[in-house]
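One structure below.
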Amino acid sequence: QVRLEESGGGLVQPGESLRLSCAASGSDFRFYSMAWYRQAPGKQREWVATVTTDSTSDYTDSVRGRFFITRDNTKNTVCLQMSSLKPEDTAVYYCNQRRAVGIPPISTDYWGQGTQVTVSS
């Protein structure tokens with residue numbers, strides 16, 4: 001049974017930093033792409049960052065240069081280091097695990113429970 005446990009959310013002031021962590025269990029972690037999504041009140045869930053199985057990373061434009069995603073396959077964890085936080089970064093952040101198998105590929109997604117990040121003065 002795949003389980004994703006998130007930690008690190010909290011309340012910070014604008015300009016400060018925060019580190020989110022996601023611990024995965026119940027899967028062969030190294031074969032899954034990992035990502036972070038977020039959902040602000042009244043908004044749809046949006047993609048934030050991805051790190052692939054070969055450690056290639058990508059980011060949505062609004063966080064590029066401020067957020068950095070990393071993975072540790074020996075610890076089955078993915079982290080999101082957030083800096084220069086802005087009020088518009090306030091959202092529930094979700095850890096996502098995805099793997100596509102077969103031809104045509106079938107994708108399976110797993111989600112964490114979410115952790116609240118609030119950026120306010």
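- Residues Tyr94 and Arg45 meet the side-chain proximity criterion, which asks for heavy atoms closer than 4.5 Å.
- Using a distance-only test at 3.5 Å, with no hydrogens or angles considered, a donor-acceptor pair links the side chain of Thr90 to the main chain of Val119.
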Go through it in stages, so that I can follow the logic: the residues are Trp36 and Cys95, the test is side-chain contact (heavy atoms from CB on, under 4.5 Å), and I'd like the CA-CA distance, side-chain angles, deciding distance and then a yes or no. CA-CA 5 Å; Trp36 289 94; Cys95 181; 4.1 Å; yes
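- Between Thr115 and Leu20, the closest side-chain pair of non-hydrogen atoms falls below 4.5 Å.
- To the nearest 0.5 Å, atoms CZ (Arg98) and OG1 (Thr52) are separated by 13.0 Å.
- Note on Arg38 versus Asp89: salt bridge recorded, some NZ/NE/NH1/NH2 to OD/OE distance being below 4.0 Å.
- Note that CD of Glu88 and NZ of Lys43 are 11.5 Å apart. Values are rounded to the nearest 0.5 Å.
- Not counting sequence neighbours, the partners of Arg64 by the salt bridge (charged side-chain N to carboxylate O under 4.0 Å, His left out) test are Asp58, Asp61.
- Side-chain contact check for Asn96 versus Tyr110: every heavy-atom pair is 4.5 Å or farther apart.
- If you chain together hydrophobic residues whose side chains sit under 4.5 Å apart, Val117 and Val92 never meet in one group.
- Side-chain contact between Ser27 and Gln97 is present, with at least one heavy-atom pair separated by less than 4.5 Å.
- Side chains of Tyr32 and Thr53 form no contact here, defined as non-hydrogen atoms less than 4.5 Å apart.
- Put simply, the side chain of Gln81 never gets that close to the backbone of Arg19: no donor and acceptor are under 3.5 Å apart.
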Stepwise side-chain contact (heavy atoms from CB on, under 4.5 Å) test for Leu80 and Phe68: CA-CA 6 Å; Leu80 185 68; Phe68 296 92; over 6 Å; no
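- A 4.5 Å side-chain heavy-atom check between Thr108 and Arg99 finds every atom pair outside the cut-off.
- Aromatic rings of Tyr37 and Trp111 (six-membered ring for Trp) have centroids within the 6.0 Å cut-off, being under it.
- The minimum heavy-atom distance linking Glu16 with Val12 is given by the pair OE1-CB, 3.4 Å.
- In this structure, Arg71 is positioned above the aromatic face of Phe29, its NZ or CZ under 6.0 Å from the six-membered ring centre and within 45° of the axis.
- Scanning both residues, Pro14 and Ser121, for their nearest heavy atoms gives CD-N, 3.7 Å.
- Thr60 OG1 to Glu46 CD: the interatomic distance, rounded to the nearest 0.5 Å, is 5.5 Å.
- Nearest heavy atoms, Met34 versus Cys22: CE-SG, 4.5 Å.
- Atoms CZ and CG, from Arg3 and Asn76 in turn, are 14.5 Å apart once rounded to the nearest 0.5 Å.
- Using a 3.5 Å distance cut-off with no hydrogens or angles, the side chains of Ser120 and Gln13 do not pair a donor with an acceptor.
- Annotation: the span from Leu18 atom CG to Ser83 atom OG amounts to 11.0 Å, rounded to 0.5 Å.
- Looking only at side-chain heavy atoms (C-beta outward), Val78 and Val51 come within less than 4.5 Å of each other.
- Residue Ile69 is tested with Ser57, Ser55, Cys79 for a side chain to side chain contact (heavy atoms under 4.5 Å, CB included); the sole match is Ser57.
- Contact detail for Val2 and Gly26: the closest heavy-atom pair is CG2-O, 3.7 Å.
- Atom-to-atom distance recorded for Trp47:CH2 and Tyr59:OH is 9.5 Å, nearest 0.5 angstrom.
- Between the Ser84 side chain and the Arg66 main chain, no donor and acceptor come within less than 3.5 Å of each other.
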